[in-house]
Amino acid sequence: MEFKPKITENRWNPGLEEKIRKTWNEEKIYVFNKNTKKKVFTIDTPPPYPSGRPWHIGAAAHYSQIDMIARTARMMGFEVFFPIGIDRNGLPVENYTEKKYNISIHETSREKFINLCVTALDDLEAEMIQIMKVMGLSGDFDNYYRTDSKEYRTLTQTTFIKLWDKGLIYEDTRPNNYCIKCGTTIADAEIEYEELPTELIYIKFKMKETGKDIIIATTRPELLCSCQAIIYNPKDERYKDLEGKHAIVPIFSKEVPILAHPYAKQEFGSGIVMICSYGDYSDVRMFRELKLKEIIAITPEGKMGKNAGNYAGLSIKDARNKIIQDLEKAGLIQKKENIMHRTPLCYRSKTPIEIIPMKEYYLKQIDFIPELLKIAKNMKFYPERHRQILIDWINSLTIDWPVSRRRYYGTEIPIWYCKNCKKACLPEPEKYYQPWKDNPPFKTCPHCKSEKGFEGETRTFDTWMDSSISPLFISKYGKDDDFFKKTFPAGIRPQAKDIIRTWLHYTILRCYQLTKKQAFEGAWIMGYGVDEEGKRMSKSKGNVVDPLPILEKYGGDIFRFWNASEAGLGSDFRYSNDKIESSAKFLTKLWNISRFISMFPEEKKAELTETDKWILSELNELIKKCIEGYESFDFFIPATALREFTWNLFASHYLEMAKSRAYGQGFDEEEQKAAWYTLHLVLKTLLKLFAPISPFITDYVWKELYGKESIHLESLSKPEWGFGLEKSTGKITEFNTEIWKTKKDKGLSLKTEIEVKIPKELKQFEKDLINMHNIRI
RNA sequence: GGGUCCAUAGUCUAUCGGUAGGACAUUGCCCUUACAAGGCAGGGAGCGCGGUUCAACUCCGCGUGGACCCACCA
């Protein structure tokens with residue numbers, strides 16, 4: 001009998017992937033069947049944000065792993081709903097557009113600016129979609145959604161109107177984080193801190209009762225006009241006699257109380273702090289605690305307001321310089337020190353934020369903390385240890401969520417204001433409104449019945465208002481009840497670690513407020529992609545690795561196997577070209593094993609030899625291990641286990657032991673068929689176990705050898721070969737290694753006949769071992 | 001300042017109390033009929049100090065170092 005491999009090429013060719021992808025599309029094997037009788041598993045896919053080139057290799061890896069979740073769930077018997085979306089709202093695209101066209105948002109018409117944003121987004125989006133397809137994502141590309149579409153924004157507005165009706169939205173004057181450059185309030189989560197040099201100024205205040213000097217140290221002398229109290233530490237012996245006295249603020253000559261408060265640190269500056277509205281968040285806390293009346297010092301334009309007297313109209317910096325000059329002239333400055341100061345910055349523009357009281361819309365979240373904690377404790381976390389990040393965040397919330405933004409590229413807040421009574425009028429839900437340019441949808445004011453007309457709201461929502469309803473949008477909330485019931489709550493929310501406190505938190509909050517339900521059964525949290533030095537990749541550091549050239553060179557399967565075998569779930573994973581190379585080698589190995597096995601016919605049953613039972617015992621252990629990994633959506637476990645088994649046991653030992661038998665050299669037909677049976681059985685199982693990780697090569701080999709239907713319609717293998725012979729593995733590999741070593745040491749070819757005693761524990765494998773090593777007994 | 005997580009060869013990772021296994025890289029030998037994008041072999045590791053135990057990489061404490069999060073000094 002002559003043996004010819006069915007598979008002829010001797011290496012895996014990533015170029016085949018495109019053709020395989022086409023057949024998937026034609027066969028429609030991933031299409032969601034909403035009339036299924038299977039249990040539905042919804043993936044609340046994170047819509048990636050096209051914020052500029054290149055797309056992060058870590059992000060690409062993230063999406064390839066989300067696809068592994070989808071494929072795993074399918075092979076576990078679920079009907080998988082795997083939507084694909086693109087997040088397009090918000091500041092990053094505005095910044096990208098400003099840079100790309102060298103324009104300023106404030107000097108461009110709103111209409112024109114929005115159109116430029118759309119053009120930029122379309123370009124970036126096309127590349128992302130392409131990358132997702134190349135990686136072999138089995139999501140619904142035909143119906144992919146955009147968060148800036150009319151439909152999506154309609155839902156954002158509709159849910160806002162619903163929450164408004166529930167009384168969960170309110171407008172309030174409140175100290176806000178405000179970025180003067182971006183011209184918008186920003187959420188706490190958008191602030192970053194940096195050590196920056198600044199001057200600490202020691203200013204002389206006068207004590208009203210005694211006329212003595214009191215020295216306070218400040219980095220913000222321009223805020224003197226809004227000083228409403230000065231404090232010292234109650235333990236500070238130096239200032240004991242200040243209790244209950246009053247101080248006179250220099251220049252503005254006003255009287256403020258002197259109070260003892262533990263917040264003042266004795267060792268910093270002079271030990272006395274002035275409390276102004278608002279230099280930082282401790283000022284805010286102090287104003288609330290001491291019930292002081294706020295004085296607005298700085299306007300949203302970043303200039304001094306009318307309360308600043310002579311300094312009104314000056315920029316913050318100019319006002320600071322001028323007031324220092326004036327104080328110096330009057331001899332009111334004791335000294336100046338250069339210090340490093342941890343300064344809060346806007347994370348996009350890197351401008352120091354100001355705390356300015358403004359009117360903004362808020363969504364209540366503080367009232368929901370107990371329910372949110374309950375959900376955080378009830379939800380599954382993959383991996384479990386990331387649960388604490390969410391719990392800590394919920395526990396640290398102190399204010400409600402400011403949801404209004406003074407930007408252009410976002411979902412508009414659907415409100416008109418009556419020109420007569422100034423009250424907010426909300427339109428009917430289920431329609432998309434652009435109040436800054438649309439005609440008002442009502443003639444008379446529902447509050448005062450006036451017909452004087454309306455002023456449209458010009459602000460937009462925080463982008464998280466859109467993002468936080470993704471599970472509702474994909475499940476057609478409010479549009480298709482039947483579909484909604486089947487697909488909501490979602491089975492899993494895959495996402496990155498750094499947006500637990502935004503996306504995950506806000507989604508849980510909003511879905512709970514609207515549906516009283518937990519948005520998803522579980523959250524799957526992936527780590528960061530870091531560069532070869534272990535540093536987190538970011539555009540500003542310039543260490544972002546572009547996934548596109550890597551995918552073009554190696555294809556989706558190698559890329560996917562690489563990132564699955566690179567780090568455990570939730571851990572950061574390091575980009576390394578060497579590792580990608582070695583992943584490519586593994587696929588070639590798997591390919592060649594398949595090629596070898598493809599020489600032999602597949603037997604439907606056989607009388608197994610002990611060697612066959614041994615490898616099946618090991619296969620059984622492998623299946624158990626893989627199932628353990630797949631059930632926890634931790635692909636590192638099956639990826640490494642498969643590599644280990646395939647390369648170091650199956651190929652190195654079993655294949656060599658069974659080779660002569662498979663060729664029929666020195667064995668009878670029954671034994672030969674047992675080898676054929678086992679080789680194919682192991683290969684089929686390996687392909688199925690490997691299919692969620694590398695879907696292309698597995699499907700290709702499957703169809704070449706085992707049938708027309710795709711491997712992706714198969715179920716995950718179950719452990720059913722518990723022969724218990726895995727105990728022999730150590731002895732077998734040791735024995736083989738010893739003979740290889742002996743032959744090598746003696747400079748003999750592996751084919752040379754050798755005389756060795758086979759240990760009695762290996763008696764049962766004797767015949768295969770004798771033929772494998774050419775042993776003379 | 002508070003918290004969470006982590007610490008095994010140059011790098012990544014396994015072993016949930018009993019000879020530290022594997023991968024990448026590195027070195028040497030070999031074209032052995034699936035694979036030189038391969039095979040075989042070699043060198044190389046438990047952060048420090050205590051404690052629990054017959055036995056600690058594994059459990060506990062302290063320290064050191066790192067990652068991340070929160071708060072934040074006027």
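Numbered from 1 within each chain, the chains take letters A, B, ... in sequence-line order.
Under the Watson-Crick or G-U wobble criterion, with both distances below 3.5 Å, B:C5 is paired with B:G66. Nucleotide B:C49: paired with B:G61 (Watson-Crick or G-U wobble, both distances less than 3.5 Å). Under the Watson-Crick or G-U wobble criterion, with both distances below 3.5 Å, B:A25 is left unpaired in every strand shown. The partner of B:C16, taking Watson-Crick or G-U wobble pairs whose two distances both stay under 3.5 Å, does not exist in any strand shown. The pairing partner recorded for B:C31 is none, the criterion being a Watson-Crick or G-U wobble arrangement whose two distances lie under 3.5 angstrom.
Here, B:U58 and B:U53 have their P atoms 16 Å apart, quoted to the whole Å. To the nearest whole angstrom, the two C1' atoms, one in B:G42 and one in B:A9, are 14 Å apart. Separating the P atom of B:G28 from that of B:C60 is a span of 45 Å, rounded to the nearest Å. Distance noted for atom C1' between B:A56 and B:C24: 30 Å (whole Å). As rounded to the nearest Å, B:C54 and B:G38 have C1' atoms that lie 48 Å from one another. Spacing of P atoms, B:G43 relative to B:C47, comes out at 22 Å, to the nearest Å. Rounded to whole Å, the C1' atom of B:U64 lies 44 Å from the corresponding atom of B:C29. Between B:G21 and B:C57, the two C1' atoms lie 13 Å apart (nearest whole Å).
For the pair A:Ile697 CD1 and B:C35 P, the interatomic distance rounds to 16 Å; values are reported in whole Å. Remark: P of B:G3 and CD1 of A:Ile394 are 20 Å apart, rounded to the nearest angstrom. Between the P atom of B:C35 and the CZ atom of A:Phe650 lies a distance of 16 Å, rounded to the nearest Å. To the nearest angstrom, C1' of B:U4 lies 11 Å from CD1 of A:Ile500. Rounded to whole angstrom, the span from the CD1 atom of A:Ile353 across to the C1' atom of B:A71 amounts to 14 Å. The CG-C1' distance, from A:Asn774 to B:U33, rounds to 15 Å in whole Å. The CZ atom of A:Arg643 sits 14 Å away from the P atom of B:U13 (whole-angstrom rounding). If you take NE2 of A:His386 and P of B:U4, they are 15 Å apart, rounded to a whole angstrom.
Using a 4.0 Å heavy-atom criterion, one finds that A:Ile272 contacts the bases of the nucleic acid, with or without backbone contacts as well. Nucleic acid contact for A:Glu581: none, since no nucleic acid atom lies under 4.0 Å from a heavy atom of the residue. Looking at heavy-atom distances under 4.0 Å, A:Ile389 makes no contact with the nucleic acid at all. Nucleic acid contact class of A:Ala217 (heavy atoms, under 4.0 Å, all strands): base. Nucleic acid contact for A:Glu656: base, since at least one base atom lies under 4.0 Å from a heavy atom of the residue. Using a 4.0 Å heavy-atom criterion, one finds that A:Ser582 contacts the sugar-phosphate atoms exclusively. Note on A:Lys659: a base of the nucleic acid sits closer than 4.0 angstrom, heavy atoms only. Residue A:Leu655 is in base contact, counting any heavy-atom pair closer than 4.0 Å across all strands shown. Within 4.0 Å (heavy atoms only), A:Ser598 reaches no atom of the nucleic acid at all. Across all strands, A:Thr737 comes closer than 4.0 Å only to sugar-phosphate atoms, never to a base (heavy-atom distances). The residue A:Asn395 sits apart from the nucleic acid: no heavy atom pair falls under 4.0 Å. If you check every strand for non-hydrogen atoms under 4.0 Å, A:Asp283 touches nothing. Looking at heavy-atom distances under 4.0 Å, A:Trp591 makes no contact with the nucleic acid at all. Note on A:Phe636: only backbone sugar-phosphate atoms sit closer than 4.0 angstrom, heavy atoms only; bases stay farther off.
When the nucleotides B:U32, B:C12, B:C35 are ranked by their closest atom to the side chain of A:Thr588, B:C35 comes out on top. Picking from B:U11, B:A41, B:U4 the nucleotide with the shortest atom distance to the side chain of A:Lys744 gives B:A41. Considering only side-chain atoms of A:Lys741, the nucleotide from B:C40, B:U4, B:A41 that sits closest is B:A41. Counting only heavy atoms from C-beta on, A:Asn10 has its side chain closest to B:C35 among B:A41, B:A37, B:C35. The nucleotide whose nearest atom lies closest to any side-chain atom of A:Asn592 is, among B:A23, B:C35, B:U32, B:C35.
The aromatic rings of A:Phe633 and A:Phe635 sit tilted relative to each other, their planes meeting at an angle between 30° and 60°.
Residue side chain A:Arg11 reaches the base of B:A37 through a donor-acceptor N/O pair under 3.5 Å, judged by distance alone. For A:Lys589 and B:C35, a side-chain-to-base donor-acceptor distance below 3.5 Å is present, hydrogens and geometry of angles not being considered.
Of the two residues contacting RNA chain B, namely A:Lys585 and A:Lys579, the nearest-nucleotide position lying further toward the 5' end is that of A:Lys579. Toward the 5′ end of RNA chain B lies the nearest nucleotide of A:Asp392, the other residue of the pair A:Asp392 and A:Ser565 mapping further downstream.
A donor-acceptor pair is defined here as one N or O able to donate and one able to accept, closer than 3.5 Å; no such pair exists between the side chain of A:Thr646 and the backbone of A:Arg643. Not a single donor-acceptor pair under 3.5 Å links the side chain of A:Asp768 to the backbone N or O of A:Ala658.
Under the 6.0 Å cut-off for aromatic ring centres, A:Trp702 and A:His680 do not qualify, their centroids lying 6.0 Å or more apart. Checked against the 6.0 Å centroid threshold, A:Tyr554 and A:Phe559 do not count as a close aromatic pair. The aromatic ring centroids of A:Phe586 and A:Phe690 lie less than 6.0 Å from each other.
Test A:Asp612, A:Ile597, A:Ile615 against A:Leu679 for side-chain contact (heavy atoms from CB on, under 4.5 Å) and you get one pass: A:Ile597.
In this model, the phosphate group of B:G39 is approached by a side-chain N or O of A:Trp647 to a distance below 4.0 Å at OP1 or OP2. For the OP1/OP2 pair of B:C35 and a distance below 4.0 Å, the side-chain nitrogens and oxygens of A:Arg595 include at least one atom meeting the criterion. Put simply, A:Ser652 has a side-chain N or O that comes within less than 4.0 Å of OP1 or OP2 on B:C40.
A donor-acceptor pair shorter than 3.5 Å cannot be found between the side chains of A:Glu294 and A:Ser226.
With rounding to the nearest 0.5 Å, the separation of CD1 in A:Ile732 from NE2 in A:His653 is 9.0 Å.
A cation-pi arrangement is absent between A:Lys336 and A:Tyr202 under the rule of less than 6.0 angstrom and at most 45 degrees off the ring axis.
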